[in-house]
Amino acid sequence: MHVRLSKMKEGERGVVIDIQGGAGARQRLLGLGITPGTVIRVIKSSPPGPVIIGVGPSKVALGRGIADKIIVRRES
Amino acid sequence: MEKVVALAGNPNVGKTTIFNALTGLRQHVGNWPGVTVEKKEGIMKYKNRKFRVVDLPGTYSLTARSIDELIARNFILEGNADIIVDVVDSSCLMRNLYLTMEILEMGVKNVIIALNKIDLAKKKGITIDFKKVEKALGIPVVPMNAKEGIGIDDLKETIVAMADGKITTNPVIPIYDELIEREISHISKILKGTPLAEKYNVRWLSIKLLTRDEEVIKLVLKHLGQEKMDEIMKHISELEQHYKRSLDMVIASQKYEFIDSLIHQFVTYPTERKETIGDQLDKILIHPVYGMISLFGVFYLLFKFVFTVGTPMQEALDSLFASLGDLVGGYITSETLRGLVVDGIIGGVGAVLSFFPLVFLLFVAISFLEDIGYMARAAVVMERIMRKFNLPGKSFIPMVMAFGCNVPAVMAVRALDDERDRILTMLVNPLVPCSARMVVVTFLAGAFFESHQALVAVGIYAISFGLALISALILGKFVIKGEGSPFVIELPDYLIPSWKTIIIHSWERSKEFLKKAGTIILAGAVAIWYLSNYPEPVGSGLSYAERLGKFFEPLTRLMGQDWKAAVSLIFGIIAKENVIATYGVIYGVGESEEALAVLMRQAMAPLQAFVLALVTTLYIPCIATIAAIRSEGGMKWAVIASLYDLVLATVVGILVYHLGLFILG
């Protein structure tokens with residue numbers, strides 16, 4: 001099931017499928033290891049605050065706007 | 001010419017610590033030409049050899065999309081570095097090696113990996129076979145724990161050996177899937193016939209074209225012409241359709257896959273990721289409610305520390321300058337010269353310099369929070385609030401620092417990711433009242449609103465801070481347009497910081513403040529001394545300062561203020577607490593605040609005092625802050641900030657005065 005990262009709940013995991021939106025924002029994510037195929041886990045998500053995700057050993061905070069543009073395949 | 005060593009690496013990998021270890025205190029902080037990005041340079045001496053070390057901005061990749069990345073990339077691309085030291089966090093190899101691959105892909109051979117934080121990797125249960133790393137990457141690798149000084153000498157040794165041509169490298173570069181590789185060699189063939197091939201690596205140019213890199217497209221277009229370029233872009237569009245997404249994503253994904261296969265040759269990871277103390281801490285510190293509470297707690301302690309330690313030092317410096325003035329004055333017989341030296345230079349510069357302890361301590365406290373890993377968390381907590389005012393979460397840091405002193409606060413905008421965010425934050429920063437303005441506000445509030453002193457002071461602070469936020473909203477909408485960068489920030493591991501790094505960093509920053517005191521502030525102090533002593537001293541009614549005051553009186557009248565306010569405000573530009581000191585001079589009571597309060601109460605009503613305190617808080621930033629804005633953003637923004645604040649203060653002053661008159665009947 002595909003879902004926007006901003007809609008995922010704390011504790012959920014998934015694989016990034018696509019990153020929509022402008023090249024500027026997208027390329028910043030790529031440098032942080034967030035690309036199609038990356039496994040991520042949602043550490044904290046409490047709207048309207050940023051979403052905190054785990055990417056490998058590192059933690060990244062993403063604003064709601066950009067989290068909205070990341071499409072994830074949810075893993076159960 | 002000494003050879004140039006460039007330090008590259010992700011943020012938070014210990015690059016600064018390594019830079020300090022290589023250069024010691026032989027370093028210089030400035031800006032990269034034309035932008036608000038900090039440039040650090042230093043000299044490394046080792047075994048009678050000298051190297052120039054340049055610290056490139058910390059970046060995650062080398063795209064053309066951010067100024068920081070473009071600076072780092074162009075520095076390498078133009079061949080400015082004889083040796084590149086790529087600092088890699090060994091506890092986070094996958095992401096760090098992405099930048100390494102971006103560097104190696106440019107076709108450079110003279111790269112050394114400083115594999116830092118090996119202690120942290122070990123603690124996380126990651127085992128690395130260092131011999132195999134070198135073999136897999138094809139370049140020298142130096143395992144390090146820079147904070148403890150481990151590996152520094154090895155790194156220096158390797159730099160010297162590479163400079164002497166004693167190391168042959170065979171850097172690995174990422175290989176992509178068949179379709180991408182075919183397109184790369186297709187474009188490479190076209191580019192090989194152009195002059196570009198002599199200067200740049202054609203494989204790199206080809207890959208960057210595939211990702212639609214704006215800078216490379218511009219560059220190639222110049223040499224190939226529109227027709228051939230269209231041909232290439234048509235191919236790229238077809239490939240994009242095939243993958244159903246832009247190729248920057250495809251290439252990044254494949255690059256990570258390549259790194260993954262590489263890493264497995266030399267690293268074994270623990271099977272299970274354990275929850276760390278950091279994870280526990282984050283549950284509180286980035287929580288929407290507890291996070292906000294702890295943030296207030298942290299910054300309360302920060303200011304408590306800065307003022308408890310700094311204020312006695314400031315007072316001591318103040319009296320030191322006073323005695324110095326007396327001492328020097330005793331040796332000068334010419335009255336004019338004595339006035340210039342004692343009142344003008346020592347008095348004026350001393351007033352600003354006495355803030356040095358506060359500036360330095362603020363930097364120490366902020367660097368500490370930064371290095372320990374807290375600042376990123378503070379930015380997360382503040383993001384939702386700051387974003388409403390067109391500012392990124394991180395801009396909260398300079399806004400808070402400004403309550404101490406605007407000078408370090410303006411310098412701290414360098415930590416923001418985006419040029420627009422930096423300029424905007426810098427412009428509104430002077431509206432956040434600093435500790436010097438606290439002196440004026442508390443004096444006036446105490447003299448006129450005895451029973452409501454705290455309330456009035458807090459009110460003025462609130463109005464001022466509110467105007468800063470509203471200004472950001474308005475300026476962000478109409479003057480410095482643009483979206484601002486999306487909020488993307490890494491939350492680094494919590495670390496015990498290195499005191500040496502913090503002290504060096506704080507010293508480097510506050511040194512700039514001292515330099516300004518010696519130049520622009522000195523000039524300003526002398527100018528104002530001249531205005532107030534010629535042709536006759538202040539008090540005679542004939543001095544240029546008083547004439548200026550009377551000239552501006554029609555304007556200050558609108559705010560219910562006489563010429564004395566105008567004169568005081570002019571002197572307040574040197575340092576804001578001068579506003580009160582000038583009233584003291586004009587009334588001829590010197591430094592006696594008691595006497596001054598009595599006289600001022602006779603001369604003005606509480607409403608006028610309130611307006612005076614408010615206008616003092618809002619109008620033109622002090623000379624040191626203007627100088628800081630000028631060196632961070634250029635003359636243009638320094639002028640704009642000064643004019644904006646002046647107009648704002650005038651308008652608000654007039655409004656509040658008349659509103660007050662209306663309400664009070």
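These numbers come from a predicted model, not from an experiment. So you know, we letter chains A, B, ... as the sequences are listed, proteins then strands, and number each from 1.
Interatomic distance, A/Ile19 CD1 to B/Asp248 CG, rounded to the nearest 0.5 Å: 8.5 Å. A distance of 11.5 Å separates CG in A/Leu30 from CZ in B/Arg65, rounded to the nearest 0.5 Å. For the atom pair OG of A/Ser46 and NE2 of B/His287, the computed distance is 7.0 Å after rounding to the nearest 0.5 Å.
Comparing A/Ala61, A/Gly63, A/Gly37, A/Ala25 by how many heavy-atom pairs each has under 4.5 Å with chain B, the most go to A/Ala61. Among B/Leu99, B/Ile259, B/Val488, the residue with the largest count of heavy-atom pairs under 4.5 Å with chain A is B/Val488. Highest contact tally toward chain B, considering only A/Pro48, A/Pro50, A/Gly22, is held by A/Pro50 [criterion: heavy-atom pairs under 4.5 Å].
Inter-residue side-chain proximity for A/Val60 and B/Leu491 is flagged as unmet; no heavy-atom pair is nearer than 4.5 Å. Side-chain atoms of A/Arg28 and B/Pro486, non-hydrogen and from C-beta on, do get closer than 4.5 Å to each other. A 4.5 Å side-chain heavy-atom check between A/Leu32 and B/Tyr98 finds every atom pair outside the cut-off.
Of the possible donor and acceptor atoms, none in the side chain of A/Arg64 sits under 3.5 Å from a partner among the backbone N and O of B/Arg384. Judged purely by atom type and a 3.5 angstrom limit, B/Tyr60 has no side-chain atom pairing as donor or acceptor with the backbone of A/Leu29. Side-chain atoms of B/Ser253 come within 3.5 Å of backbone atoms of A/Pro36 as a donor-acceptor pair (strictly under, hydrogens ignored).
Of all residues in residues 117-127 of chain B, those placing a non-hydrogen atom less than 4.5 angstrom from a non-hydrogen atom of chain A are B/Lys124.
Looking at every heavy atom in both residues, B/Arg245 comes nearest to A/Asp18 through NE-OD1, 3.9 Å. The shortest heavy-atom contact between A/Gly33 and B/Arg95 is N-CG, 4.2 Å. Listed here is the closest heavy atom pair of B/Asp282 and A/Lys59: OD2-NZ, 2.6 Å.
B/Met249 touches chain A through backbone and side chain together, each having a heavy atom under 4.5 Å away. At a 4.5 Å heavy-atom cutoff, the contact between B/Ser91 and chain A is made by backbone atoms alone. There is no contact between A/Ala67 and chain B, counting heavy-atom distances below 4.5 Å. Heavy atoms closer than 4.5 Å to chain A are found in both the backbone and the side chain of B/Ile286. Only the side chain of B/Glu383 comes within contact range of chain A, with heavy atoms under 4.5 Å apart. Contacts of A/Leu62 with chain B are made by both backbone and side-chain atoms, with heavy-atom separations under 4.5 Å. Using a 4.5 Å cut-off between heavy atoms, B/Ser246 touches chain A through its side chain atoms alone.
Evaluation of the salt bridge (charged side-chain N to carboxylate O under 4.0 Å, His left out) test over residues 38-54 of chain A, restricted to residues two or more places apart or in two chains, returns A/Glu10-A/Lys44.
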